[in-house]
Amino acid sequence: MNNDLKPVMEGIFEAGPSPQLIGAICPECQQKFFPKPMVCPQCLGEVQDIKLSPVGKLYTYAILRTKAMYKLPQPYAVGWVDLEADGLRIFTLLDPEKIEDLDFGKKVFLRVGPIGVDNNGEACLRYYFTTQDGGDK
Amino acid sequence: MNNDLKPVMEGIFEAGPSPQLIGAICPECQQKFFPKPMVCPQCLGEVQDIKLSPVGKLYTYAILRTKAMYKLPQPYAVGWVDLEADGLRIFTLLDPEKIEDLDFGKKVFLRVGPIGVDNNGEACLRYYFTTQDGGDK
Amino acid sequence: MRPVDIIGVGITNFGKHIEKSLVELGGKVAVEALKDAGVKPSQINAGFFANMQAGSLFSDFTIGQNVFYQAGINSVPVFNVENACTSGSSAFNLAWMGVASGAYDMAMVLGAEKLIIPNLGLMQAGTSELDTLEGMVVPNAFAMRANLHMATYGTTKEQLAMVSVKNRRHASMNPLAQFRNPITVEEVLNAPMIADPLTRLSCCPNADGAAALVLCASELSGRYTSKPIRVAGSVLVSGSYKNPCNLAQWEADKRASSIAYEMAGLGPEDLDAVECHDAFTISEILHYEGLGLCPEGEGGRFIESGATTLGGKIPVNLSGGLLSKGHPLGATAVAQIIEGVRQLRGEAGSLQVDGAKVFMAECMGADKAGDVKTCSVNIITK
Amino acid sequence: MRPVDIIGVGITNFGKHIEKSLVELGGKVAVEALKDAGVKPSQINAGFFANMQAGSLFSDFTIGQNVFYQAGINSVPVFNVENACTSGSSAFNLAWMGVASGAYDMAMVLGAEKLIIPNLGLMQAGTSELDTLEGMVVPNAFAMRANLHMATYGTTKEQLAMVSVKNRRHASMNPLAQFRNPITVEEVLNAPMIADPLTRLSCCPNADGAAALVLCASELSGRYTSKPIRVAGSVLVSGSYKNPCNLAQWEADKRASSIAYEMAGLGPEDLDAVECHDAFTISEILHYEGLGLCPEGEGGRFIESGATTLGGKIPVNLSGGLLSKGHPLGATAVAQIIEGVRQLRGEAGSLQVDGAKVFMAECMGADKAGDVKTCSVNIITK
Ligand SMILES: [Zn+2]
Ligand SMILES: [Zn+2]
């Protein structure tokens with residue numbers, strides 16, 4: 001893990017051997033969110049940081065074949081993943097090494113790693129989900 | 001006169017020793033315009049090119065002291081000039097060499113010369129009015 | 001709210017207008033719409049200008065005033081409206097509200113865009129959005145929908161390709177469309193892949209273009225035209241952004257169209273022709289279902305049945321759609337409505353639907369949270 | 001058209017908000033306005049978002065949806081409106097029309113802008129305009145007016161400087177203003193020259209900021225507030241672009257304010273406080289005359305008389321004006337109206353005008369053909 005690299009956006013995930021996405025929960029209505037909203041869009045009250053489940057199920061995906069922004073690999077894949085433990089469907093980059101393994105409903109696992117560059121053109125960490133269990137866990 | 005330079009905008013003036021601005025007249029309502037409009041804004045009909053009077057009277061002016069766009073001189077002056085023969089008040093760059101001579105109602109004369117650059121950063125011809133009669137006439 | 005009619009239209013071809021500025025393109029259709037309506041510039045009480053990209057591409061602003069100025073329209077309120085692909089229909093909705101409310105008797109709606117620019121790049125939702133940073137660009141947003149629709153309902157990539165083929169066939173009869181040569185399913189499938197299953201021929205091309213129309217209180221429109229076209233329903237909504245999102249169905253389409261049907265007192269079975277936002281082949285399939293033209297999940301089989309082609313049960317995108325015309329964002333949704341005006345006036349030439357009386361224009365723009373930021377439905381009638 | 005009230009407001013300080021994005025700034029005031037109005041996000045039937053420069057500075061678009069999303073406002077129509085410095089008042093005028101027409105019961109108007117950017121440069125009318133190519137930038141457009149006003153009416157540069165001095169004095173009592181230290185006429189005159197007679201202290205600085213308000217049909221507003229503020233007149237006009245232009249008087253101000261006075265059934269003598277578009281010192285002088293606060297040509301002597309200072313006959317720019325607050329374009333005209341709401345609610349603290357009942361906000365934007373492209377006047381009453 002390149003610990004000197006910045007995340008693609010601050011406050012979105014914790015890197016390290018067991019990465020986790022940082023979402024939020026509204027203490028009032030118990031709704032969870034990712035990314036963390038400014039306030040709860042129902043109650044307009046403060047929300048609290050929570051760690052989200054690092055395991056999900058692939059809802060849908062796509063593979064972009066053309067030249068990519070942010071020096072992402074060509075091709076690369078993205079998808080929506082259901083974090084069933086949290087009741088959230090979230091958008092994510094998918095493991096560029098595992099594009100051929102993608103399938104609807106497949107179990108996927110959170111990773112954080114150095115992929116592409118940020119808005120300043122600097123190499124950065126991105127979260128992504130992979131079909132491969134284990135890894136650096 | 002640098003004949004190899006392009007005008008700051010096409011179709012606005014004729015350069016040469018006795019430069020003239022190219023305006024337009026509506027054959028229907030006899031209204032004159034500068035610059036040439038797409039159609040007469042009253043009649044919506046075609047307008048015809050005309051040459052405008054190269055002599056005017058200074059209505060008002062200002063001198064910009066800060067760093068200028070288009071590599072215009074610092075300071076430079078601009079103003080509105082009444083072309084009394086045409087019944088038109090037009091906006092124009094003023095002779096950067098004659099800034100100290102500017103005054104309300106003063107008689108001014110059209111020139112075309114190499115001043116500053118165009119939107120592509122290339123040196124170009126601009127029209128301007130000067131307080132000095134004669135010149136290259 | 002009083003009834004409102006469309007009494008005049010003006011439009012450029014969609015395609016390359018390298019030699020003309022945005023303001024010139026706009027001025028041209030403004031004059032054309034005034035002449036078509038038979039009104040003077042001074043009779044227009046308000047102007048609504050739609051454009052999306054001139055700020056970022058040309059650092060331009062308050063462009064509407066410059067455009068209307070060219071056509072002699074001055075002094076009156078002028079608004080510059082942006083709403084992604086629905087910029088034009090958002091301007092239309094505001095102008096309709098202005099005339100319907102009695103604030104204005106006559107208003108012009110004008111959309112214009114210049115997109116034939118070197119190195120334009122793929123569209124995305126803004127570089128401050130997390131989704132964009134994680135790789136969301138417009139083509140894969142739609143590819144994810146296409147993949148899911150195929151997996152869920154058995155839609156085939158051949159059926160998706162048929163949308164491009166049908167729209168090109170229509171475009172071959174529309175002299176204002178950018179691409180007019182017929183294409184085959186094989187050509188669509190074998191074109192360079194953008195995001196599986198969407199090839200280059202499954203994605204709408206860029207274009208320059210402009211379109212304008214004149215709205216008039218119905219109580220006055222008889223003075224100007226014998227063929228006024230009534231605005232029977234005008235709706236704009238934004239996404240509900242529910243989580244979990246449903247990427248196989250467009251809730252915004254359903255919601256907007258059901259409001260529009262109710263305003264018009266009509267239903268999908270009453271429509272004689274539809275223009276919808278076919279930015280990608282899958283979009284048109286989803287719109288069939290969202291607008292109630294066919295049941296949920298049946299979009300693929302619906303295009304295959306021929307229902308949406310000229311002569312079919314409910315022809316969709318007779319203009320050739322964005323897939324053939326290109327997508328000059330600010331002009332797009334105004335042009336869609338103008339297609340309807342031509343159909344209802346009986347001026348659509350070889351694309352005419354016999355006895356067309358009811359027309360719908362649908363548009364949609366900008367992805368957010370697995371939903372759309374804006375969706376418009378307008379129904380016009382004879 | 002039915003009566004419309006303002007029932008809630010939210011506003012940031014104007015100045016540097018480097019750490020916050022445009023969407024965050026906007027979201028913050030949206031939530032604040034909802035809470036101030038005591039309404040839920042789902043009660044808002046439409047959102048009108050005003051911004052001018054985010055397209056050219058950040059390549060951003062359909063920002064309003066992102067902003068309103070943060071405050072839980074979704075599904076409803078959202079419009080993104082640009083009209084130079086009057087972007088905020090244009091959005092306000094449309095929202096007012098929407099509620100007045102009965103299309104919406106409640107609407108939010110929100111303006112936001114981020115301008116604290118390195119190397120922003122002088123504003124100009126667009127690089128495709130001949131005037132810009134011939135050297136027109138905003139400061140010399142106003143310097144030409146100042147020089148002409150001095151030559152025509154005997155206005156002095158000291159009188160011009162008094163506008164900055166007065167507005168700074170007001171700003172010293174406004175914790176939301178960017179520059180709050182008092183300044184003298186000498187300091188204004190001796191500041192670095194931009195375009196004679198306008199020095200750096202005669203020109204409004206840039207700022208980041210956001211402002212929001214909630215409009216509600218008057219028949220419903222009593223449910224939410226005991227202090228509804230009535231929109232008595234709302235007007236937007238564009239320039240008449242007459243040639244020859246008159247640069248010593250603002251015809252658009254006269255035209256817009258006379259319509260607004262007529263809508264409100266009021267005159268200049270009824271006003272208790274005014275916010276106007278003091279982008280430059282000369283602007284405020286010209287607005288005095290254009291709005292009928294003093295006779296034509298008397299603006300210079302009017303400021304010198306003290307009439308427009310706190311405690312004077314008709315206080316102008318009690319907030320400190322753009323000269324002290326800065327000018328976050330999209331937010332500016334919304335913030336002006338909020339200043340009035342505070343005055344009419346009696347919440348203006350040490351800037352309070354005793355018994356204020358009638359307030360006017362004037363704004364103006366973008367030069368064209370020696371005229372302005374857009375001018376707004378709103379009158380609100382208690
Ligand atoms: Zn909550
Ligand atoms: Zn004429």
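The structure displayed is predicted, hence computed values, not measured ones. In what follows, chains are A, B, ... by sequence order, proteins preceding strands, each numbered from 1.
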Using non-hydrogen atoms and a 4.5 Å limit, figure out which bit of [X] sits close to chain D: side chain, backbone, both or neither.
X: C:Tyr69; result: side chain
X: C:Ala369; result: side chain
X: C:Asn66; result: both
X: C:Ser59; result: both

Quick check: do C:Phe61 and D:Leu329 have side-chain heavy atoms less than 4.5 Å from each other? no
Please look at [X] and chain C and tell me whether the side chain, the backbone, both or neither of the residue comes under 4.5 angstrom of a heavy atom of that chain.
X: D:Lys368; result: side chain
X: D:Ala366; result: side chain
X: D:Ser240; result: both
X: D:Asp60; result: side chain
X: D:Glu129; result: side chain

Between D:Leu236, D:Val237, D:Thr374, which residue shows the highest count of heavy-atom pairs closer than 4.5 Å to chain C? D:Leu236
If you tally heavy-atom pairs under 4.5 Å between each of D:Leu57, D:Val81, D:Val76, D:Val23 and chain C, the highest tally belongs to D:Val76
I'd like to know which of [options] tops the heavy-atom pair count under 4.5 Å against chain D.
options: C:Gln65, C:Glu251, C:Met52, C:Arg255; answer: C:Gln65
options: C:Ala84, C:Ala256, C:Gly239; answer: C:Gly239
options: C:Ser56, C:Ser101, C:Ser75, C:Gly55; answer: C:Ser75

Test log, rule side chain to side chain contact (heavy atoms under 4.5 Å, CB included), inputs D:Met97 and C:Tyr104: CA-CA 11 Å; D:Met97 190 174 73; C:Tyr104 314 120; 3.8 Å; yes
With rounding to the nearest 0.5 Å, note down the distance linking CG in C:Asn93 to CG in D:Leu94. 10.5 Å
What distance do D:Phe49 atom CZ and C:Asn83 atom CG have between them, rounded to the nearest 0.5 Å? 11.5 Å
If you count every heavy atom of other residues, nucleotides or ligands that lies below 6.0 Å from D:Lys254 atom NZ, does the total exceed 12? yes
Please check if the number of heavy atoms outside D:Glu219 that lie under 6.0 Å from its CD is greater than 12. yes
Passes side chain to side chain contact (heavy atoms under 4.5 Å, CB included), C:Val78 versus D:Lys373? Steps please. CA-CA 9 Å; C:Val78 172; D:Lys373 283 162 89 169; over 6 Å; no
Would you check if there is a donor-acceptor pair between the side chains of C:Lys242 and D:Asn74 at a distance under 3.5 Å? no
When you look at D:Phe79 and C:Thr86, which way does the side chain to side chain contact (heavy atoms under 4.5 Å, CB included) test go after all the steps? CA-CA 10 Å; D:Phe79 301 91; C:Thr86 70; over 6 Å; no
